[in-house]
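Values reported hereafter were calculated over all heavy atoms of this structure, with side chains retained and with hydrogens, waters and symmetry mates removed.
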Amino acid sequence: MNPAEIAQLIEAGFDAAIVKVESEDNTHYGALVVAKEFDGVRPLARHQMVYKCLGTLMGNEIHAMSIKALTPDEWRAQTGGA
């Protein structure tokens, strides 16, 4: 799978999320997901929410994924408001 396809699957699971997915080999991925649904949710649960969007692709077509899951406020704080 290519990063754009994975980003679309993740975007479909959230309301107006910012999703960026990168991969050098289309097997190991890095994802940034900024979603209001993460507000008040612990990091592990945030990752589980992303994995749910990907279903059985995880561990199969997607061998590994590093996830950075942030709320919009956390994203603004890290990017200086950008």
Side-chain angles (χ1 to χ4, degrees):
M1 297 197 74
N2 70 49
E5 292 171 315
I6 293 171
Q8 287 177 339
L9 291 170
I10 296 170
E11 287 169 351
F14 295 94
D15 184 31
I18 297 170
V19 179
K20 297 180 183 179
V21 178
E22 298 178 340
S23 177
E24 292 183 10
D25 62 5
N26 287 343
T27 306
H28 301 83
Y29 300 86
L32 166 68
V33 184
V34 180
K36 64 183 178 183
E37 289 90 343
F38 295 146
D39 192 35
V41 177
R42 298 176 133 201
L44 177 61
R46 293 178 185 192
H47 286 216
Q48 291 169 335
M49 291 167 71
V50 174
Y51 291 145
K52 185 176 179 182
C53 297
L54 301 171
T56 60
L57 295 173
M58 287 303 305
N60 293 304
E61 288 89 343
I62 301 170
H63 178 71
M65 178 174 288
S66 169
I67 299 171
K68 186 172 190 175
L70 303 170
T71 67
D73 288 340
E74 291 167 340
W75 174 244
R76 280 189 289 276
Q78 285 191 12
T79 61

Can you give each donor-acceptor pair under 3.5 Å made by side-chain atoms of residues 12-25, sequence neighbours left out, with the distance rounded to 0.1 Å?
residue	atom	partner	partner atom	Å
Asp15	OD2	Lys36	NZ	3.0
Ser23	OG	Asp25	N	3.2
Ser23	OG	Asp25	OD1	3.4
Ser23	OG	Asn26	N	2.7
Ser23	OG	His28	O	2.8
Asp25	OD1	Thr27	N	2.9
Asp25	OD1	His28	N	2.8
Asp25	OD2	His28	ND1	2.8

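- Considering all non-hydrogen atoms of both residues, Glu5 and Met1 come closest at OE1-CA, 3.4 Å.
- For the pair Arg46 and Val41, the tightest heavy-atom approach, listed with the atom from each and the gap, is NE-O, 2.8 Å.
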Side-chain donor-acceptor contacts of residues 50-64 below 3.5 Å, not counting sequence neighbours, with atom names and distances?
residue	atom	partner	partner atom	Å
Asn60	ND2	Thr56	O	2.5

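- Here the side chains of Leu70 and Lys68 are in contact, with some heavy-atom distance below 4.5 Å.
- At distances below 3.5 Å, not a single donor-acceptor pair connects side-chain atoms of Gln78 with backbone N or O atoms of Trp75.
- Note on Ile67 and Tyr29: same hydrophobic cluster, where clusters join Ile, Leu, Val, Met, Phe, Trp and Tyr whose side-chain heavy atoms are under 4.5 Å apart, directly or indirectly.
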Exercise for the section: Under the side-chain contact (heavy atoms from CB on, under 4.5 Å) rule, what do Met65 and Ile6 come out as? Steps first, then yes or no, please. Expected result: CA-CA 11 Å; Met65 178 174 288; Ile6 293 171; 3.7 Å; yes
